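What follows is a short report on a single structure.
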Amino acid sequence: MPELPEVEVVRRGLQRWVSGRTIAEVQVLHPRAVRRHLAGAGDFAARLKGHSVGIARRRGKYLWLPLADTDSSVLGHLGMSGQLLVQPEDAADEKHLRIRIRFDDSLGTELRFVDQRTFGGLSLHDNTPDGLPDVIAHIARDPLDPAFDDGGFHTALRLRRTTVKRALLDQSLISGVGNIYADEALWRARLHYERPTTGLPRARSAELLGHVRDVMNAALAVGGTSFDSLYVNVNGESGYFDRSLDAYGREGEPCRRCGTLMRRRPWMNRSSYFCPRCQRPPRIVRTPLPGKL
DNA sequence: CAAGTCTCCTGTTAGC
DNA sequence: TGCTAACAGGAGACTT
C-alpha cells in the first residue's frame with residue numbers, strides 16, 4: 001500500500017536520521033524479512049556491520065542505503081505493511097518487529113523494520129555502474145525522477161497491448177504507482193481503468209502523466225496517505241492525504257465533479273474505484289468474425 | 001515472449 | 001456470540 005509518496009516520506013526520514021551513521025549490530029528477528037538475501041540472515045547481519053550509511057535513495061517504491069567503502073547497498077521494500085522506524089533504543093519492541101539495526105554512536109536511537117504482513121523486506125545487493133542495486137535494474141524511472149523520459153513513456157504505452165491501469169501499475173514501464181494513485185490519476189484524467197493503451201492519443205497520455213505527478217506531489221506535501229497506523233514516516237506519524245482522495249475508497253459517495261455515486265469494481269484481485277459518468281467504459285471492440293466483413 | 005494469473009501474509013470487518 | 005469469508009495488494013513466480 002505504501003506507494004511513491006509514502007516511500008519518499010520514509011526516504012527523507014532515513015536521510016535525516018540514519019545517513020552518516022555507522023552500523024554496529026544487526027538483528028534479524030524474522031527470516032522472511034531478509035528472504036531476498038539468499039545467503040541468509042546471518043550473512044546479511046555480518047555484511048552490514050561496521051559500515052557507515054550513505055545517501056538514502058529511492059526509485060519508485062524501492063529505497064536503498066549505500067554502504068560506504070563497498071559497492072553495495074541495503075535495499076528496502078515496504079510491501080503492504082512495512083515500516084522503517086527510528087526509535088529510542090529503550091522503546092519496547094513492536095509486535096511485528098522483524099529487523100533491528102543499531103549504530104555505534106551515542107544518539108540513542110536505532111532503526112527498526114516492522115512489518116505485519118511480511119510482504120516487504122531488506123536485502124543487500126551489488127550496485128550497477130549507475131549506483132542502483134542490481135536486482136532493481138528492471139524497475140523503470142518514476143514520474144518524479146527528473147530523468148524520466150516522457151516521450152519514451154508515451155511510445156512504450158502505445159506499444160503495449162493492455163489496458164491503461166495495468167500499464168500504470170507495470171513497474172517496468174513507470175514505477176511508484178500503486179492502486180491508490182492509479183485510481184486517483186485516472187479519475188482526474190477522466191479515463192476508465194479498462195481503456196486500451198493502444199490508440200490512446202498522445203495528448204491523453206501526457207495529460208494522464210501530468211495527473212500522476214500532480215496527485216503524487218500533492219500527497220507528498222502532506223506527508224503521504226495513511227488509512228491507519230500502518231502507513232507512517234520514520235517517526236511513526238501518519239500523513240493526511242487520505243482526506244484528499246477523490247476516487248480510492250469512495251464507493252457509494254458522490255463524485256466530487258458531477259455528484260454521481262462512485263463505484264467499486266473487483267479488478268485483478270483488488271478493486272478499482274471510478275465515477276461511472278466521468279469515466280465512461282471503453283466501447284467494446286469486436287474482432288470481425290471469420291467469413292464476414 | 002508478452003500478458004495474464006497465482007501466491008505469499010495477517011489483521012480487520014461484514015455477514016450469517 | 002462465534003465462525004467463516006472477503007478484503008487490503010506489491011511483485012516475483014508461474015502459466016498461457
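Computation of the quantities below employed the complete heavy-atom set of this structure, encompassing side-chain atoms and omitting hydrogens, waters and symmetry-equivalent molecules. Just so it is clear: chains get the letters A, B, ... in the order the sequence lines come, proteins before strands, and each one is counted from 1. It should be emphasised that the depicted structure is a prediction, and the values quoted were computed from it without experimental measurement.
Not one side-chain nitrogen or oxygen of A:Thr162 sits closer than 4.0 Å to the OP1 or OP2 atom of B:dA2. Taking only side-chain nitrogens and oxygens, A:Lys95 comes nearer than 4.0 Å to OP1 or OP2 of B:dG11. For A:Gln116 and B:dG11, the shortest distance from a side-chain N or O to OP1 or OP2 is not below 4.0 Å. Put simply, A:His77 has no side-chain N or O that comes within less than 4.0 Å of OP1 or OP2 on C:dG12. OP1 and OP2 of C:dG10 both lie 4.0 Å or more from every side-chain N or O belonging to A:Tyr181. Put simply, A:Arg166 has a side-chain N or O that comes within less than 4.0 Å of OP1 or OP2 on B:dT5.
When rounded to the nearest whole Å, the span between CZ of A:Arg270 and P of C:dA8 equals 10 Å. Here the C1' atom of nucleotide B:dT5 and the CH2 atom of A:Trp267 are 12 Å apart, to the nearest Å. Atom-to-atom, NE2 of A:His138 to P of C:dG12 comes out at 4 Å; the value is rounded to the nearest Å. Atom P of nucleotide B:dA3 and atom NZ of A:Lys165 are separated by 18 Å, given to the nearest angstrom. Rounded to a whole Å, the CD atom of A:Glu3 is 13 Å from the P atom of C:dA8. Between A:Arg35 atom CZ and C:dA11 atom P the separation is 12 Å, expressed in whole Å. Atom P of nucleotide C:dA11 and atom CG of A:Asp170 are separated by 11 Å, given to the nearest angstrom. In this structure, A:Met80 places its CE atom 15 Å from P of B:dC8, rounding to the nearest Å.
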For this session: Start with the C-alpha gap between A:Asp183 and A:Lys165, add the side-chain angles, then the distance that decides, and say whether salt bridge (charged side-chain N to carboxylate O under 4.0 Å, His left out) holds.
Result: CA-CA 8 Å; A:Asp183 279 1; A:Lys165 187 171 171 183; 2.7 Å; yes
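The neighbour count for A:Leu107 CG, taken as heavy atoms of other residues, nucleotides or ligands under 6.0 Å away, is above 12. In A:Arg256, the CZ atom is crowded: over 12 heavy atoms of neighbouring residues, nucleotides or ligands sit closer than 6.0 Å.
For the 3.5 Å distance criterion, the side chains of A:Tyr273 and A:Glu253 fail to qualify, holding no donor opposite an acceptor.
Residue-level contact check: A:Arg264 touches the backbone only, with heavy atoms under 4.0 Å from sugar-phosphate atoms and none from bases. Contact annotation for A:Asp115: no contact, since no heavy-atom pair falls under 4.0 Å across all strands.
Taking the side chain of A:Arg32 as heavy atoms from C-beta on, and the options B:dC8, B:dT7, C:dG12, the nearest nucleotide is B:dC8.
Closest-nucleotide positions on DNA chain B for A:Thr163 and A:His96 were compared, and the one nearer the 5' end corresponds to A:Thr163.
Salt bridge status for A:Asp115 with A:Arg32: absent, with no side-chain N to carboxylate O gap under 4.0 Å.
The base of C:dA8 is paired with the side chain of A:Arg117 by a donor and an acceptor separated by under 3.5 Å.
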